[in-house]
Each structure stands twice: as C-alpha cells, then as structure tokens.
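To keep things clear, I will list the structure first and then write my remarks on it.
We name chains A, B, ... by the order of the sequence lines, and we start the count at 1 in each one.
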Amino acid sequence: MSRYKVPRGTFDILPDQSYKWQFVINAFREVARGFNYREIITPIFEKSGIFERSVGETSDIVEKEMYKFEDKKGRIFALRPEGTAPVVRSFIENGLMLKPNSSKLYYLGPMFRYDRPQKGRYRQFYQYGIENIGTMNPYADAEVIAFAYMFLSKLGLKNFVLQINNIGCKNCAKDYDNALKEYFKPNLDALCSDCRKRLEKNPKRVLDCKVKSCKEIARDAPSMLDYLDDDCRANFEKVQEYLNAMEIPYIVNPKIVRGLDYYSQTAFEFVDTNLGAQNTLIGGGRYDTLAEQLGGKNMPGIGFAGGFERLLLSMEEEKLPFGLQQKPKVYLVSLGDEARIAGIKIIMELRENGISTEFDPDKTSMNAQMKAANKTGTEFALILGENELIKNKIILKDLGNGEQKVINISDIIMSIKDK
RNA sequence: GUGGGUGUAGUUCAACGGUAGAGCACCGGAUUGUGGUUCCGGGCGUUGUGGGUUCAAAUCCCAUCAUCCACCCCA
C-alpha cells in the first residue's frame with residue numbers, strides 16, 4: 001500500500017503558512033470595505049457551457065485546461081477555471097441589477113486549471129477578484145484599478161508596475177486584427193510555428209511572443225491605439241485622466257493582451273518585476289459582452305483577478321511582514337490529580353472569557369510542562385499544585401521576564417486581563 | 001503538451017558500485033514543584049515506485065510517479 005500524497009499541482013496550507021493567507025485575505029476584505037464591494041460566494045463547479053461560451057471555445061483554458069466531469073444524470077460540469085463568468089451568471093440569475101448596493105462584488109476561492117505546475121502556477125490555485133457590473137463609465141475602470149493598486153500597496157509591495165491598454169471593442173478590434181494579419185503576412189515564414197497558428201486564432205498574441213525573431217518582426221507592427229474608434233479612444237483617455245487624478249502610476253503598453261475572449265476595451269496587468277516567469281500579480285479588464293453571451297441582457301462590466309500564491313511569493317521576495325502567528329496566551333501547568341481537575345475547570349472558564357489557553361494532558365512533570373509552555377510561546381504559565389490548591393491560590397508566571405506571584409484562584413481572569 | 005534538473009529520516013543535506021550517516025527539529029532525562037542556555041540519551045528509514053545490469057545498487061540503465069525551472073499559458 002503506497003502512501004497518499006496531495007494531487008499534482010495542489011498543496012496543503014499548513015498552520016505555519018495559513019496565518020499568512022489569513023493576513024492577506026483580511027487586508028483584501030478591508031480594501032473591499034473601503035471601496036464598498038460586497039462578497040459573493042458561488043459554487044466551485046458550474047455547467048461547463050458557462051465557461052465555454054464566455055472564456056472562449058478556442059482559448060487554452062477551455063480547450064485543454066478545464067476539469068470537466070459528468071454527473072449521474074449526464075450533465076456536464078466543470079470545476080471553475082476562473083471567477084468572472086460564475087459571478088456574472090449569478091448576477092443575471094438573481095437579478096442583482098435591480099437590487100440596491102449589489103453591483104460591486106468581490107469573491108475569494110479556489111480555481112482549477114489542468115496546467116503543468118511550476119513556480120507561481122498550480123492546478124488548484126486561490127484567486128481574489130472584484131467585479132463592477134452595469135456601468136460603462138470609465139470611472140469604474142479607474143476605480144477597479146485603484147482597488148488593485150491600493151491592495152498591493154497596503155501589503156507593502158513595491159516591486160510591481162501597472163500596465164494598461166485598450167484592446168478595442170467588438171467593432172474596432174476586428175479592424176485591428178485584420179491590420180495585424182496584413183502586416184505579418186509577408187513575414188509568415190519568419191514567425192515561429194506557434195505564432196503562425198496565433199495569427200489565425202488571435203493575432204494580438206503574436207505581439208507578446210517571446211521568440212526573438214518574432215519580437216523583431218512585431219516591433220514595427222501597427223499599434224492597437226491607432227485603430228481605436230472614437231468611443232474607445234475617448235474611454236481610454238478618460239480612464240487615464242482618472243488614474244492621474246488618483247495619482248496611480250502606470251505605463252501604457254499597447255502589447256498587453258488578455259487571454260480570455262470576453263475582454264474588450266480596458267485591459268490591465270500588475271506585473272511583479274522580480275518574480276519568475278509567472279509574474280502577473282493581477283490581471284483584469286472590461287467585458288462588455290459577457291452578460292449577453294451568458295443569456296442575460298446586454299450589460300457591461302469590469303473587474304480583476306489575482307492569485308494569492310503569487311502574492312505571497314512576491315511578499316516573501318520583498319521580505320514583508322504577515323502579522324503574528326496565533327499563540328495561546330496562557331499555559332496551564334498542573335501537578336497531581338486533584339490539581340489537574342481543578343485546573344481543567346479553570347481553563348474552561350478562561351476560554352469562556354476569551355483568554356486562549358493551552359494544556360497538554362500527556363505531560364505530567366513540571367519540567368515537561370514548562371518546556372512545552374515555553375515552546376508554545378505563551379505569555380503566561382498558570383501553575384497549580386496541591387500546595388496552592390489547599391489555599392485556593394495559583395501561581396501566575398510571566399514567561400517573558402520570569403516574574404511570578406501567587407494570586408487567588410478567583411482573581412485569575414482579572415489578573416490576566418489587566419496585562 | 002515540450003525540454004532540462006532533482007527525488008535518501010519530520011526537515012536540510014552526506015554516503016569512490018561494497019555495513020545508510022550528520023546538522024536542525026522532535027521526545028525523554030540531568031532538575032520526582034519552575035521554561036529559554038548547557039550536558040546526556042533516543043534513528044530499521046518501503047533510499048519516490050516498478051523493472052533491469054551486477055557476486056553486490058541509494059549509487060549504473062529503463063520505465064513510471066512526484067517536484068523544481070523554462071517553453072506554453074495565465075492569476
């Protein structure tokens with residue numbers, strides 16, 4: 001019988017790590033409160049059609065990375081590979097457009113993609129994201145970006161850059177795709193085999209190919225910015241105006257492309273400058289046709305998503321603090337059977353009063369219990385032996401400075417709460 | 001899906017094809033009523049798994065699984 005291990009591309013978050021996750025999640029929730037985004041929690045699996053229709057049948061995510069399965073009645077589901085489509089599905093299904101204070105949503109949770117694992121990329125990974133649904137106003141674009149910026153800044157991160165672009169709407173994006181095809185056609189043979197495929201499927205992808213020869217050819221390719229129609233251009237300018245007003249630094253990078261089909265207009269990425277190959281901390285953009293694709297009314301939206309794993313890698317890289325690990329405040333040291341029973345009563349009372357207390361029934365000697373108290377990192381030891389018990393007293397020892405005093409058992413909670 | 005590196009104790013790593021070891025961590029004791037330092041004691045672990053070569057394999061070969069890095073993709 002072989003020992004079981006975590007599935008490939010997944011991992012356990014152990015206690016010495018989980019406090020970091022809690023720290024980052026709490027920070028995210030605080031920023032959400034500041035921007036008045038409220039949490040939405042959707043199922044971890046959906047009808048697979050939701051993703052096929054929105055993310056795109058030809059996207060890598062749908063084509064080869066989805067965990068699809070059939071249930072007992074033959075329905076085809078998928079473990080969600082991303083968070084936006086489910087949120088929009090729920091938004092439509094529950095008529096949130098009609099409910100007050102419900103258009104700005106955030107979510108947290110695991111996503112699943114069958115990809116080859118590497119640094120910063122896992123098969124089950126944890127995303128945080130926000131969606132602002134129902135407005136075309138470019139202020140919403142800027143606010144979503146500001147949210148992301150404030151979140152990263154709040155954690156203390158410095159080694160990142162914000163890149164923004166406008167990839168056009170369904171009208172002008174086509175013109176641009178055609179222009180790109182025209183531009184690359186004479187150089188077709190010089191492009192890598194991937195790029196030749198990309199040129200058919202998604203010509204914009206050729207622009208950020210990493211192959212040297214492709215890069216050189218792409219250097220003088222037409223820029224999306226020259227093909228934007230009036231609306232898109234105006235929108236892009238407004239977004240930048242708002243970002244400037246918010247004093248959020250950014251660079252315009254006409255080469256950033258989002259990989260999911262539903263994106264249009266504003267696209268942006270927060271890229272870490274000293275992570276490995278998987279260095280996109282947060283990616284987001286506008287999706288003005290997504291709701292329609294999912295069978296709802298024509299309804300615009302904008303949002304972003306980020307991965308916690310990369311966030312933690314980045315914070316560790318910058319040696320940023322994650323707050324304190326959980327530790328009990330008090331350790332009970334009891335000696336003898338009677339004192340043990342009395343001690344158990346005491347720790348129950350302490351816990352009821354919100355004082356976190358530890359006790360190890362396997363250790364009986366004073367030495368072993370004191371060592372354990374020290375190792376656990378508690379502030380105080382409460383020492384109760386027969387001598388004290390007879391007098392209704394207990395010893396309260398401060399493990400920081402070694403000072404100890406004898407107090408009445410009835411005064412324990414008061415004495416500890418004072419500190 | 002492609003390429004390269006790596007799999008030995010909880011962990012970090014040793015061991016020219018010839019008896020599997022050390023640091024850290026952990027547990028106990030010195031101190032049967034006082035922690036951190038110190039000292040003493042405590043290691044049979046499917047050498048990832050399965051085959052093969054060999055008198056002999058942790059070591060060489062093949063496969064497989066896992067992991068890391070990169071491509072790709074993206075968070």
Side-chain angles (χ1 to χ4, degrees), chain A residues 1-11 14 16 55 59-65 80-84 107-129 148 192-195 197-198 202 205 208-211 256-260 263 269-272 275-285 303-314 331 333-336 339 360 362-389 395-404:
Chain A
M1 202 166 65
S2 64
R3 280 169 69 176
Y4 286 111
K5 291 181 180 169
V6 283
R8 172 153 215 217
T10 69
F11 52 90
L14 304 176
D16 281 348
V55 175
S59 68
D60 277 23
I61 290 175
V62 166
E63 224 169 40
K64 43 194 184 193
E65 294 174 6
R80 62 182 183 196
E82 61 102 40
T84 301
Y107 61 87
L108 299 164
M111 305 294 163
F112 305 83
R113 291 182 202 171
Y114 189 91
D115 214 345
R116 185 108 171 230
Q118 72 180 75
K119 187 178 186 182
R121 186 170 76 186
Y122 306 92
R123 290 185 172 177
Q124 173 172 340
F125 57 104
Y126 291 80
Q127 278 195 344
Y128 52 92
C192 70
S193 61
D194 285 335
C195 278
K197 278 180 234 150
R198 289 186 183 115
N202 190 349
R205 283 239 156 265
D208 61 4
C209 180
K210 279 164 192 160
V211 176
I256 67 165
V257 188
R258 309 263 64 234
L260 284 54
Y263 283 114
E269 281 180 18
F270 286 83
V271 178
D272 191 284
L275 229 49
Q278 308 300 325
N279 60 357
T280 302
L281 251 24
I282 291 176
F304 72 69
F308 280 120
E309 294 82 1
R310 290 179 193 179
L311 198 61
L312 295 193
L313 284 173
S314 185
Y331 200 99
V333 176
S334 71
L335 299 158
D360 184 346
D362 287 327
K363 294 187 168 62
T364 49
S365 76
M366 171 78 102
N367 191 34
Q369 292 185 81
M370 286 303 291
K371 274 187 178 167
N374 188 57
K375 221 165 292 172
T376 315
T378 58
E379 287 173 56
F380 300 103
L382 274 176
I383 304 169
L384 184 62
E386 306 296 340
N387 299 342
E388 290 76 24
L389 193 56
I395 297 169
L396 177 64
K397 177 161 186 166
D398 184 327
L399 292 175
N401 56 24
E403 285 171 16
Q404 65 181 49

- Item | Nucleotide opposite B:C73 in a Watson-Crick or G-U pair, distances under 3.5 Å | none
- Item | A:Gln118 vs B:A70: side-chain N/O to OP1/OP2 distance below 4.0 Å | yes
- Message: Applying the Watson-Crick and G-U wobble criteria at under 3.5 Å, what pairs with B:A22? Answer none if nothing qualifies.
- Response: B:U12
- Message: Both distances below 3.5 Å, Watson-Crick or wobble geometry, any strand: find the nucleotide opposite B:G41.
- Response: B:C27
- Message: My understanding is that a pair needs two contacts under 3.5 Å, Watson-Crick or G-U wobble. By that rule, which nucleotide pairs with B:A66?
- Response: B:U6
- Task: Give the rounded distance in Å between these two atoms: CE of A:Met370 and P of B:U37.
- Result: 14 Å
- Of the nucleotides B:A70, B:C74, B:G35, which one has an atom closest to the side chain of A:Asn374? B:G35
- Query: How close or far is atom C1' of B:G1 from atom CG of A:Asp115, stated in whole angstroms?
  - Reply: 10 Å
- Message: Here's a test of your reading of the structure: between A:Thr280 and A:Val6, which maps to the more 5' nucleotide of RNA chain B?
- Response: A:Val6
- Distance-only donor-acceptor test (3.5 Å): side chain A:Gln404, base B:U34: yes
- Message: For A:Ala305 and A:Gly9, find the nucleotide of RNA chain B closest to each by heavy atoms; which residue's nucleotide sits nearer the 5' end?
- Response: A:Gly9
- Pairwise P distance for B:C26 and B:G36, with rounding to whole Å: 12 Å
- List in chain and number order the residues that pass ring pair (Phe, Tyr, Trp, His ring centres under 6.0 Å) with A:Phe308, two or more places apart in sequence or in another chain; answer none if no residue qualifies. A:Trp21, A:Tyr128
- In whole angstroms, how far is the P atom of B:G48 from the NZ atom of A:Lys5? 9 Å
- Item | Whole-Å C1' distance, B:U12 and B:U67 | 16 Å
- Is the base of B:C74 touched by the side chain of A:Arg310 through a donor-acceptor pair closer than 3.5 angstrom? yes
- In whole angstrom, what separates A:Lys397's NZ from B:G35's P? 7 Å
- Query: If we take the P atom in both B:A63 and B:G5, what is their distance in whole Å?
  - Reply: 13 Å
- B/S/- contact track for nucleotides 25-33 of chain B, protein heavy atom under 4.0 Å: -SSS----B
- Message: Rounded to whole Å, how long is the line connecting atom CZ of A:Arg8 with atom C1' of B:G7?
- Response: 14 Å
- Message: Using a 4.0 Å heavy-atom cut-off, does A:Glu65 contact any base of the nucleic acid, only the sugar-phosphate backbone, or nothing at all?
- Response: sugar-phosphate
- Item | Length of the line joining A:Asn279:CG and B:C69:P, which is rounded to integer Å | 13 Å
- Task: Confirm from the modelled atom types if A:Arg121 and B:C72 form a donor-acceptor pair under 3.5 Å, side chain to base only.
- Result: yes
- Message: From CZ of A:Arg113 over to P of B:C73, roughly how many Å is that when rounded to an integer?
- Response: 13 Å
- Query: In whole angstroms, how far is the P atom of B:C73 from the CD atom of A:Glu269?
  - Reply: 13 Å
- Task: Measure the distance between the ring centre of A:Phe308 and the centre of the six-membered base ring of B:A75, then answer whether it is under 5.5 Å with planes under 30°.
- Result: no
